[in-house]
K.L.:
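Before anything else, here's the structure in question.
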Amino acid sequence: TPAFVLGELTEVMAWNDAYERVMAATGVLDERPPNLVRYTFTDPRARRLYRDWDDIAREQVGNLRRFVSDLPDALAGRGRELVADLAARSPEFAALCGAFDVGAKRRGSKRFDHPVAGPLDLEFTALGLPGGIYRRLVAYIPADEASAAALDRLVAAPRLRAVGDTRV
């Protein structure tokens with residue numbers, strides 16, 4: 001089951017092999033640290049990946065606004081910097097940030113047009129974790145049989161390794 005830990009500023013803090021195998025081809029994990037809201041608004045691959053990009057964009061802004069509104073002082077500055085950077089780089093982010101309600105989803109669905117697997121519909125559940133205000137463990141499960149088969153193929157595919165990579 002693809003799973004990852006989402007941090008307070010929508011950064012992907014950790015992930016399992018299944019998540020890496022599914023998301024590596026999409027570009028989500030290219031940035032260090034990966035950040036879902038930044039990917040959604042600044043990487044052109046996001047519009048191809050998310051079949052319902054408008055809904056995902058609103059969801060990501062709602063998550064970020066919810067998180068930033070309650071951050072302790074130690075993280076609040078980083079949160080404001082991220083919002084300012086994204087607002088400067090993406091007029092769509094700026095418009096949604098000024099108009100959309102604050103909220104964080106605990107479950108829902110993602111409809112991907114995966115660059116390798118094609119259409120991939122996944123349900124997600126986000127569970128709160130100790131040690132952070134809004135740190136959550138997010139797990140994906142297939143929404144239908146076709147997505148289950150596609151997910152199985154992605155997760156079972158051999159891992160590509162860089163020269164010198166000793167992971168197993």
K.L.:
Could you tell me which residues satisfy side chain to side chain contact (heavy atoms under 4.5 Å, CB included) with R153, sequence neighbours excluded, listed by chain and number?
P.N.:
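Result, side chain to side chain contact (heavy atoms under 4.5 Å, CB included) vs R153: A149, A150.
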K.L.:
Under the side chain to side chain contact (heavy atoms under 4.5 Å, CB included) criterion, do N63 and R136 qualify, and how do the steps go?
P.N.:
CA-CA 12 Å; N63 282 339; R136 298 181 292 163; 3.9 Å; yes
K.L.:
For the residue pair T40 and A57, what are the closest heavy atoms and their distance?
P.N.:
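So the two residues come closest at CG2-CA, 4.0 Å.
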K.L.:
Would a hydrophobic clustering, with Ile, Leu, Val, Met, Phe, Trp and Tyr connected at side-chain separations under 4.5 Å, put L129 with M13?
P.N.:
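Yes, L129 connects to M13 through the hydrophobic network.
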K.L.:
Checking side chain to side chain contact (heavy atoms under 4.5 Å, CB included) for the pair L49/I56: CA distance, chi angles, key distance, verdict?
P.N.:
CA-CA 11 Å; L49 175 65; I56 297 298; over 6 Å; no
K.L.:
Which atom names give the shortest non-hydrogen contact between V12 and W15, and what distance separates them?
P.N.:
CG1-CE3, 3.4 Å
K.L.:
For F112 and Y50, take the angle between the two ring planes, folded into 0 to 90°, and tell me which bin it lands in: parallel under 30, tilted 30 to 60, perpendicular over 60.
P.N.:
tilted
K.L.:
What closest approach, in Å, do L137 and A3 show between heavy atoms, and which atom pair accounts for it?
P.N.:
CD1-CB, 4.3 Å
K.L.:
What residues, two or more places apart in sequence or in another chain, satisfy ring-ring contact (aromatic ring centres under 6.0 Å, His included) together with F41?
P.N.:
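Testing F41 for ring-ring contact (aromatic ring centres under 6.0 Å, His included), a comparison that skips the adjacent residues, returns W53, F93.
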K.L.:
Name all residues meeting the side chain to side chain contact (heavy atoms under 4.5 Å, CB included) criterion together with D54; count only those two or more places apart in sequence or in a different chain, and write none if there are none.
P.N.:
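Scan of D54 (side chain to side chain contact (heavy atoms under 4.5 Å, CB included), adjacent residues dropped) gives R58.
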K.L.:
Under the salt bridge (charged side-chain N to carboxylate O under 4.0 Å, His left out) rule, what pairs show up with a residue in residues 137-150, not counting sequence neighbours?
P.N.:
none
K.L.:
What salt bridge (charged side-chain N to carboxylate O under 4.0 Å, His left out) pairs are there with at least one residue in residues 35-48, not counting sequence neighbours?
P.N.:
D30-R45, E31-R38, R38-D85, D43-R45, R47-E92
K.L.:
Please report the interatomic distance CD(E11) to CZ(R32), rounded to the nearest 0.5 Å.
P.N.:
13.5 Å
K.L.:
Could you tell me whether the side chain of Y19 reaches within less than 4.5 Å of the side chain of V138, counting heavy atoms only?
P.N.:
no
K.L.:
Are V22 and H114 close enough, and set up right, to give a side chain to side chain contact (heavy atoms under 4.5 Å, CB included), and what steps lead you there?
P.N.:
CA-CA 8 Å; V22 171; H114 194 276; 4.2 Å; yes
K.L.:
Are the side chains of R51 and D121 in contact, using a 4.5 Å heavy-atom criterion?
P.N.:
yes
K.L.:
Going through the distances and angles, do Y39 and T26 end up as a side chain to side chain contact (heavy atoms under 4.5 Å, CB included)?
P.N.:
CA-CA 10 Å; Y39 172 80; T26 69; 4.1 Å; yes
K.L.:
List for me each residue that meets side chain to side chain donor-acceptor pair (under 3.5 Å) alongside T10, sequence neighbours excluded, and say none if there are none.
P.N.:
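Scan of T10 (side chain to side chain donor-acceptor pair (under 3.5 Å), adjacent residues dropped) gives N35.
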K.L.:
Once rounded to the nearest 0.5 Å, what's the spacing between atom CZ of F4 and atom CG of L29?
P.N.:
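Here the rounded value is 9.5 Å.
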K.L.:
Under 4.5 Å between side-chain heavy atoms, counting indirect links through other Ile/Leu/Val/Met/Phe/Trp/Tyr residues: same cluster for V116 and L122 or not?
P.N.:
yes
K.L.:
Applying side chain to side chain contact (heavy atoms under 4.5 Å, CB included), can you list everything that pairs with I141, at least two apart in sequence or on another chain?
P.N.:
T1, E123
K.L.:
Quick check: closest heavy atoms across P142 and L151, and the distance to 0.1 Å?
P.N.:
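In this case the closest contact between P142 and L151 is CD-CD2, 3.8 Å.
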K.L.:
Does the side chain of L120 reach to within under 4.5 Å of the side chain of Y140, using non-hydrogen atoms?
P.N.:
no
